[in-house]
Participant: 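Could you have a look at this structure, given as structure tokens, before my questions?
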Number of protein chains: 2
Amino acid sequence: MVSMAALAETASLVGDPARANMLAALMDGRALTASELARAASVAPQTASGHLARLTEAGLLAMERQGRHRYHRLASPAVARMLEGIMAVAAEGRAVASPRPVVTGPRDRALRAARTCYDHLAGRLAVDLADALTARGHLEMSADGGSLTPEGLDFLRGLGIALEHGRAGRNGRVFCRPCLDWSERRPHVAGAVGAALCAHCFAQGWVRRIDGSRALQVTQGGRRDLRALFGIEAG
Amino acid sequence: MVSMAALAETASLVGDPARANMLAALMDGRALTASELARAASVAPQTASGHLARLTEAGLLAMERQGRHRYHRLASPAVARMLEGIMAVAAEGRAVASPRPVVTGPRDRALRAARTCYDHLAGRLAVDLADALTARGHLEMSADGGSLTPEGLDFLRGLGIALEHGRAGRNGRVFCRPCLDWSERRPHVAGAVGAALCAHCFAQGWVRRIDGSRALQVTQGGRRDLRALFGIEAG
DNA sequence: CCCACGCTTCGGGGCGCGCCGTAGCGTCGT
DNA sequence: ACGACGCTACGGCGCGCCCCGAAGCGTGGG
């Protein structure tokens with residue numbers, strides 16, 4: 001039974017604080033350089049280099065050279081889902097340990113409002129979006145799964161959102177993976193639909209990244225369009 | 001940002017071989033004693049005790065006393081999903097490292113055929129079941145989600161499978177969480193529907209546990225009924 | 001009542017690995 | 001071509017924690 005040893009091996013890679021910080025920094029789906037990741041983890045570049053080599057060899061990260069920089073990113077959606085799962089358990093354990101909501105730093109404010117989670121939106125913006133779509137009968141979600149309704153599919157296609165990949169079932173529905181929002185403790189839309197929504201928000205200029213953070217800022221046009229199209233007050 | 005430290009903390013709990021083996025042994029959803037877990041991890045009872053205390057305090061395990069035994073089990077479905085996620089990444093990484101299928105031990109044979117995965121069925125039996133339901137239009141699954149069709153819901157209810165919990169959406173569908181089968185590399189049914197199916201198989205005596213293993217044996221009656229009701233050849 | 005048993009606590013030994021010095025390689029600017 | 005820069009390879013230091021022996025507690029059985 002080789003998989004048990006593999007379980008410990010993989011988990012211990014995430015189990016080191018420096019590597020965990022690097023992985024967390026990559027959870028927004030971007031590709032970062034070794035130096036940036038070293039800063040994120042508060043370690044020297046040599047240390048980061050060693051960690052990155054191990055993570056890459058284990059298949060957690062993918063690396064591509066570009067000039068004298070080397071950009072590292074999560075190797076696959078499976079890695080992102082794994083990290084989500086670990087964070088969910090960590091949050092659950094914390095909640096038991098300390099009943100009151102743990103901290104709300106000043107910088108956290110922006111993160112809680114809107115951020116990316118690998119390839120989709122997260123934070124209050126994402127939860128509000130899911131709620132708005134649900135209220136209009138465009139989306140149905142439960143703990144075990146979710147889907148766009150035929151009306152929801154039409155609506156999003158009308159906005160110009162390409163959804164060819166996760167094509168609808170024989171009754172015009174397309175499944176959405178629910179992802180438990182880390183800060184809101186409620187599900188938002190992940191999977192192919194979530195990725196398409198997120199891509200569209202960036203393409204339309206509704207959101208943009210704040211400095212080098214994982215947090216997103218809703219632009220003025222974004223506020224206007226999100227209110228007009230989805231009826232949500234963002235930002 | 002407290003969650004990053006929590007990420008490393010939680011992951012490092014799984015990152016120790018002894019603890020990982022214990023958690024893997026509990027992945028079938030049963031509750032085991034400290035001694036059994038010590039044997040599973042090949043460590044002395046004192047060592048196991050310390051590990052179990054840490055896992056319990058962190059909220060990964062739940063413990064209940066019963067006489068002079070103490071039964072340990074996974075604390076929540078979230079923990080099971082986390083472990084699934086880590087194993088998926090581990091398998092993915094291995095697949096890259098060694099192209100040929102890693103090992104097929106004699107004991108693995110039974111595990112690959114049928115086993116439990118926390119609260120639902122896994123292995124070839126579970127994948128065949130999902131395929132059969134899909135072929136008959138009772139189930140639809142994709143990478144991002146799945147659901148019973150209204151016909152599928154009726155069919156299962158006709159068998160006496162209680163599905164009140166994950167009640168159907170406004171068009172008579174009930175979502176199923178897809179779970180990537182560890183040995184078959186294809187999705188089977190998890191979530192509330194998967195749990196109900198698994199419970200029904202046990203209740204009808206279609207399957208039973210082999211000795212103290214995670215593997216399941218399909219009974220003679222199980223083979224007959226599974227063929228008659230689902231059209232699958234099991235065992 | 002005493003022993004057997006399951007489990008836990010305490011203490012010390014040992015090994016692994018995370019860390020940063022220094023040094024070396026490849027790439028880009030001027 | 002030279003230096004700056006990003007990154008990587010090597011070596012030794014030091015901390016942490018995983019492990020088990022020995023001993024203590026609670027339960028169950030003879």
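All values below come from the heavy atoms of this structure, side chains included, with hydrogens, waters and symmetry mates left out. Chain letters run A, B, ... following the sequence lines, proteins first and then strands; every chain starts at 1.
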Participant: Does Arg115(B) form a side chain to side chain contact (heavy atoms under 4.5 Å, CB included) with Asp28(B)? I'd like the steps, not just the answer.
Facilitator: CA-CA 8 Å; Arg115(B) 64 183 183 275; Asp28(B) 59 3; over 6 Å; no
Participant: Thr47(A) side chain N/O closer than 4.0 Å to the phosphate oxygens (OP1, OP2) of dC19(C)?
Facilitator: no
Participant: Take Leu52(A) and Arg68(A), find for each the nucleotide of DNA chain D with the closest heavy atom, and name the residue whose nucleotide sits nearer the 5' end.
Facilitator: Arg68(A)
Participant: On DNA chain C, nearest-nucleotide positions of Arg70(A) versus Ser42(A): which is more 5'?
Facilitator: Ser42(A)
Participant: Taking atom types as modelled, find out whether Arg30(B) and Thr116(B) have a side-chain donor-acceptor pair closer than 3.5 angstrom.
Facilitator: no
Participant: Using whole Å, report how far CG of Leu37(B) lies from P of dT8(C).
Facilitator: 10 Å
Participant: Would you classify Ala53(A) as touching base, sugar-phosphate or nothing, given that sugar-phosphate means primed atoms plus P, OP1 and OP2, and contacts are heavy atoms under 4.0 Å?
Facilitator: nothing
Participant: Please tell me which of Gln46(B) and Arg54(B) maps to the more 5' nucleotide of DNA chain D, matching each residue to the nucleotide holding its nearest heavy atom.
Facilitator: Arg54(B)
Participant: Let me know the distance between CD of Glu57(A) and C1' of dT8(D), rounded to the nearest Å.
Facilitator: 15 Å
Participant: To the nearest Å, how far apart are Glu36(B) CD and dG6(C) P?
Facilitator: 10 Å
Participant: From the options dG6(C), dA9(D), dC18(D), select the nucleotide whose nearest atom is closest to the side chain of His69(B).
Facilitator: dG6(C)
Participant: Rounding to a whole Å, what distance do you find between His72(B):NE2 and dG6(C):P?
Facilitator: 14 Å
Participant: Rounded to the nearest 0.5 Å, what separates atom OG in Ser183(B) from atom CZ in Arg124(B)?
Facilitator: 8.0 Å
Participant: Report the nucleotide, chosen from dC5(C), dC20(C), dC20(D), that has the shortest atom-to-atom distance to any side-chain atom of Ala44(B).
Facilitator: dC20(D)
Participant: Output yes when at least one side-chain N/O atom of Arg65(B) is less than 4.0 Å from OP1 or OP2 of dG6(C), else no.
Facilitator: no
Participant: Any side-chain N or O of His51(A) less than 4.0 Å from the OP1 or OP2 oxygen of dC19(C)?
Facilitator: yes
Participant: Starting at atom CG of Leu55(B), determine the distance to atom P of dT8(C), rounded to an integer number of angstrom.
Facilitator: 12 Å
Participant: What is the distance, rounded to the nearest whole Å, between atom OH of Tyr71(B) and atom P of dG6(C)?
Facilitator: 11 Å
Participant: For Thr219(B) and Gly205(B), indicate whether the former's side chain and the latter's backbone hold a donor-acceptor pair under 3.5 Å.
Facilitator: yes
Participant: Is the shortest heavy-atom distance from the side chain of Met82(B) to the side chain of Val14(B) under 4.5 Å?
Facilitator: yes
Participant: What integer distance in Å separates Asp16(A):CG from dG16(C):P?
Facilitator: 17 Å
Participant: Measure the distance from CD on Gln66(A) to C1' on dC5(D) and round it to the nearest whole Å.
Facilitator: 16 Å
